[in-house]
Amino acid sequence: MIIYAGAIMVMFLFIIMTLRLEGDKEQDGSSFRRWIPAIVLGGISLVLLTALIWVGPGHGLFLKPAMASPKEFGGYLFREFWFPVEIASFLLFVALAGALYLGREKTTGGKTTDPEREAS
């Protein structure tokens with residue numbers, strides 16, 4: 001299971017490395033508007049974290065600890081949930097293919113439309 005999760009993280013790193021992201025050329029007053037969703041979600045997370053800490057371990061709800069080796073847990077996961085695991089891996093593959101498609105250089109008639117390549 002740990003190896004599978006590590007492979008997924010390496011694939012996400014590969015996707016991020018293949019994307020060509022360009023920074024905004026415009027720096028106007030709308031930059032604060034981009035931070036509004038992050039501020040709202042950060043505030044919600046802070047409220048939830050405070051509520052969880054406030055309730056703390058003395059809330060009266062106790063869960064029985066489950067002890068299993070990684071081999072047993074992986075066997076159970078792939079025995080009981082093999083189809084959702086395969087669907088998730090297929091969706092990650094489609095995301096990788098889409099990222100490569102969107103991040104590739106655009107060519108028109110044998111010439112690249114990348115301004116950085118044309119300048120050099």
Side-chain angles (χ1 to χ4, degrees):
M1 189 64 191
I2 294 172
I3 293 172
Y4 190 77
I8 290 172
M9 294 306 296
V10 168
M11 188 174 69
F12 277 126
L13 180 64
F14 181 70
I15 290 170
I16 290 170
M17 288 172 34
T18 57
L19 289 178
R20 183 178 305 203
L21 302 176
E22 297 178 10
D24 287 340
K25 306 277 190 262
E26 302 173 14
Q27 291 293 333
D28 55 4
S30 67
S31 64
F32 177 73
R33 295 176 70 194
R34 294 182 190 151
W35 283 94
I36 291 175
I39 292 170
V40 169
L41 291 175
I44 291 171
S45 298
L46 184 63
V47 168
L48 290 174
L49 179 66
T50 305
L52 286 173
I53 290 173
W54 186 265
V55 169
H59 55 74
L61 298 174
F62 294 105
L63 296 175
K64 183 177 137 187
M67 302 299 281
S69 69
K71 182 179 178 181
E72 292 171 350
F73 178 70
Y76 171 76
L77 187 66
F78 285 108
R79 185 175 52 250
E80 298 296 324
F81 300 105
W82 65 271
F83 190 67
V85 167
E86 291 300 321
I87 293 295
S89 65
F90 179 73
L91 289 175
L92 290 171
F93 173 71
V94 170
L96 174 65
L100 289 174
Y101 177 76
L102 293 174
R104 74 185 188 339
E105 269 186 34
K106 304 211 181 345
T107 58
T108 56
K111 295 183 179 180
T112 63
T113 59
D114 188 13
E116 291 178 7
R117 295 246 177 167
E118 291 176 1
S120 58

Can you name the side-chain contact (heavy atoms from CB on, under 4.5 Å) partners of Ile44, sequence neighbours left out?
-> Val40, Leu48
Would you mind listing the cluster partners of Val10? Hydrophobic ones only (ILVMFWY), side-chain contacts under 4.5 Å, chaining allowed.
-> none
Show every donor-acceptor pair shorter than 3.5 Å between a side-chain atom in residues 86-96 and any protein atom, with sequence neighbours excluded, or say none if there are none.
| from | atom 1 | to | atom 2 | distance (Å) |
| --- | --- | --- | --- | --- |
| Ser89 | OG | Val85 | O | 3.4 |
| Ser89 | OG | Glu86 | O | 2.8 |

Results of side-chain contact (heavy atoms from CB on, under 4.5 Å) for Ser69 - residues two or more places apart only | Lys71, Glu72
Would you be so kind as to tabulate the donor-acceptor pairs closer than 3.5 Å made by side chains of residues 73-82, with sequence neighbours excluded?
none

Partners meeting side-chain contact (heavy atoms from CB on, under 4.5 Å) with Leu46 (sequence neighbours left out) | Thr50
